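Everything on this sheet refers to the single structure shown next.
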Number of protein chains: 2
Amino acid sequence: MRMSQGVEWAVHTLLALSCLEDDQPVPTATLAAGHDLPRSYLNKQLQRLVKAGLLTSEPGAQGGFRLARPPASITMLDVVEAIEGDARLFRCTEIRQCGTIGRHGGGDFSVPCAVTNSMRKAEEAWREALAGQTLAAVLAEANEHAPAMARAIRQVFGRE
Amino acid sequence: MRMSQGVEWAVHTLLALSCLEDDQPVPTATLAAGHDLPRSYLNKQLQRLVKAGLLTSEPGAQGGFRLARPPASITMLDVVEAIEGDARLFRCTEIRQCGTIGRHGGGDFSVPCAVTNSMRKAEEAWREALAGQTLAAVLAEANEHAPAMARAIRQVFGRE
DNA sequence: GGTACCGTACTCGGATAAGCAATGTCCGAGTTCGTTGGG
DNA sequence: CCCAACGAACTCGGACATTGCTTATCCGAGTACGGTACC
């Protein structure tokens, strides 16, 4: 049970895009070089962010990606769901209904399984914690310990 | 990012063992038949529960597994960690230090990455929610909608 | 000189392989129980 | 009749294949820009 590495890449890439003050798109190659990531694979993650409505893409020369929404309206949950999908961590296969116990135990199978309920509660706590943190908040915390980063990004991306 | 199916098996198996009132061990074959699970693979999960101190095992004829602690002192987090390991969902690879941005951005790399902090907070909320639910509580909820289950389990396991 | 056309370079996008962990299966070491032979 | 030794059956435990997903890569479709020929 490990989160895809693409989530880390996506968040850092979104943070970098958040530091830009203009709206010019940034190509995958530049974003990948920004953190030494494989270009083509990063591109796949960015495509997912586009499908989720977090980025917009521009084809052709001088094309690339740009934020579709302000960082304050993008939550960590948005990013995780964009990359990982909205499937839940715990998938109930209803084994309570199977086997000798399931056949002889009876019970009301229309109500959710107690095990599933328990797992679902914990997962909701996780999702709420993710939804409560915006990209802007994470960026603010990052800037505390790396105040020069935003400007460096603009320079590396050829914005200044 | 999907939780191993073994977690579901482990919880249901622990619940079944919680319904027994004596301390006689139950072999893997019986537990597997209880929910129509592959016997050998379930055995692998049970081994992990033994290593985690949730079960004790008895070799030889009339051997099997029994609970090592009362259900009220076993939390959902214990079970998840026993099966999945204690590794965190999000693994930071410190890409903030890599690439053109990492090299030019500077900043204090001794403090944890802001992205990691954000993910860690959410994960802690998840773990606390899991730790706040005991096996006994889940069993109580299950008994509400399946009051005959406990006795059926004892019968199927040859206890009555 | 201005404009329309064309070629080139660059971009995203999805289709296509490789690696690794989760899943599933098998056989061996060890223990208990029943049996049998002896006292 | 009681006890000890033996054999067999049963159990866990870990080593060995297989599947699915994550990771990684490549090439094609489409677009913007620069140059060039024409009006």
Side-chain angles (χ1 to χ4, degrees), chain A residues 1-10 13 17 24-33 35-68 80 82-85 87-91 93 95 157-158, chain B residues 1-10 13 17 24-33 35-52 54-68 80 82-91 93 95 157-158:
Chain A
M1 186 178 46
R2 198 175 88 257
M3 188 178 292
S4 165
Q5 200 164 8
V7 173
E8 184 184 12
W9 301 0
T13 301
L17 288 173
Q24 284 190 336
V26 183
T28 305
T30 304
L31 292 169
H35 288 112
D36 268 349
L37 304 176
R39 192 186 64 180
S40 296
Y41 190 35
L42 175 64
N43 183 263
K44 171 172 288 189
Q45 315 297 343
L46 298 181
Q47 286 177 35
R48 295 185 181 184
L49 296 178
V50 171
K51 279 192 178 176
L54 305 185
L55 290 181
T56 58
S57 62
E58 303 268 334
Q62 303 296 325
F65 296 89
R66 74 182 78 182
L67 285 183
V80 171
I83 301 296
E84 294 284 342
R88 298 303 188 272
L89 279 72
F90 180 84
R91 192 182 337 171
T93 60
I95 65 172
F157 285 3
Chain B
M1 186 178 47
R2 196 174 93 256
M3 188 178 292
S4 165
Q5 200 164 8
V7 174
E8 184 183 11
W9 301 358
T13 300
L17 288 172
Q24 285 191 336
V26 183
T28 306
T30 303
L31 293 169
H35 288 112
D36 268 349
L37 304 176
R39 191 185 66 179
S40 297
Y41 190 34
L42 175 64
N43 183 263
K44 173 173 288 188
Q45 315 297 342
L46 298 181
Q47 286 176 35
R48 297 187 181 182
L49 296 178
V50 171
K51 280 192 178 174
L54 305 185
L55 290 181
T56 58
S57 62
E58 304 268 333
Q62 303 296 324
F65 296 91
R66 74 183 77 183
L67 285 183
V80 170
I83 302 295
E84 295 284 342
D86 58 354
R88 298 302 188 271
L89 280 70
F90 181 84
R91 194 184 331 174
T93 60
I95 65 173
F157 285 3

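Note that this is a predicted model, so its numbers are computed, not measured. Below, chain A is the first sequence line, B the second, and so on; all start at residue 1.
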Check: [Y] main-chain N/O paired with [X] side-chain donor or acceptor under 3.5 Å:
X       : Y       : result
A/Glu58 : A/Pro25 : no
A/Arg48 : A/Ala82 : no
B/Glu8  : A/Thr93 : yes
A/Glu84 : B/Met1  : yes

Choose from [options] the nucleotide whose nearest atom is closest to any side-chain atom of [X].
X       : options                : value
B/Arg2  : C/dT23, D/dT11, D/dA32 : C/dT23
B/Gln62 : C/dC33, D/dT11, D/dA32 : C/dC33
A/Tyr41 : D/dA24, C/dC33, D/dC12 : D/dA24

| message | Between B/Glu84 and A/Ala61, which residue's closest nucleotide on DNA chain C lies nearer the 5′ terminus? | response | A/Ala61
| note | Ranking B/Gln5 and A/Gly60 by the position along DNA chain C of their nearest nucleotide, the one closer to 5' is A/Gly60
Mind calculating the distance between [atom1] ([X]) and [atom2] ([N]) to the nearest angstrom?
X       : N      : atom1 : atom2 : answer
A/Arg66 : C/dT11 : CZ    : C1'   : 13 Å
B/Glu8  : C/dT23 : CD    : P     : 11 Å
B/Trp9  : C/dA22 : CH2   : P     : 14 Å
B/Leu42 : C/dA22 : CG    : P     : 18 Å

| field | Sequence-distant partners of B/Arg2, salt bridge (charged side-chain N to carboxylate O under 4.0 Å, His left out), two or more places apart | value | none
Report each atom pair, protein N/O against N/O of nucleotides 13-19 of chain D, whose distance is under 3.5 angstrom.
residue	atom	partner	partner atom	Å
D/dG13	OP1	B/Ser57	OG	2.6
D/dG13	N7	B/Asn43	OD1	3.2
D/dG14	OP2	B/Gln47	OE1	3.0
D/dG14	N7	B/Gln47	NE2	3.3

| message | Both A/Gly6 and B/Pro27 contact DNA chain D. Taking the nearest nucleotide for each, which residue is further toward the 5' end? | response | B/Pro27
| said: Over all strands shown, is A/Met1 touching base, sugar-phosphate only, or nothing at heavy-atom distances under 4.0 angstrom? | reply: sugar-phosphate
| note | Separation between CZ (A/Arg39) and CG (A/Leu37), nearest 0.5 Å, reads 13.0 Å
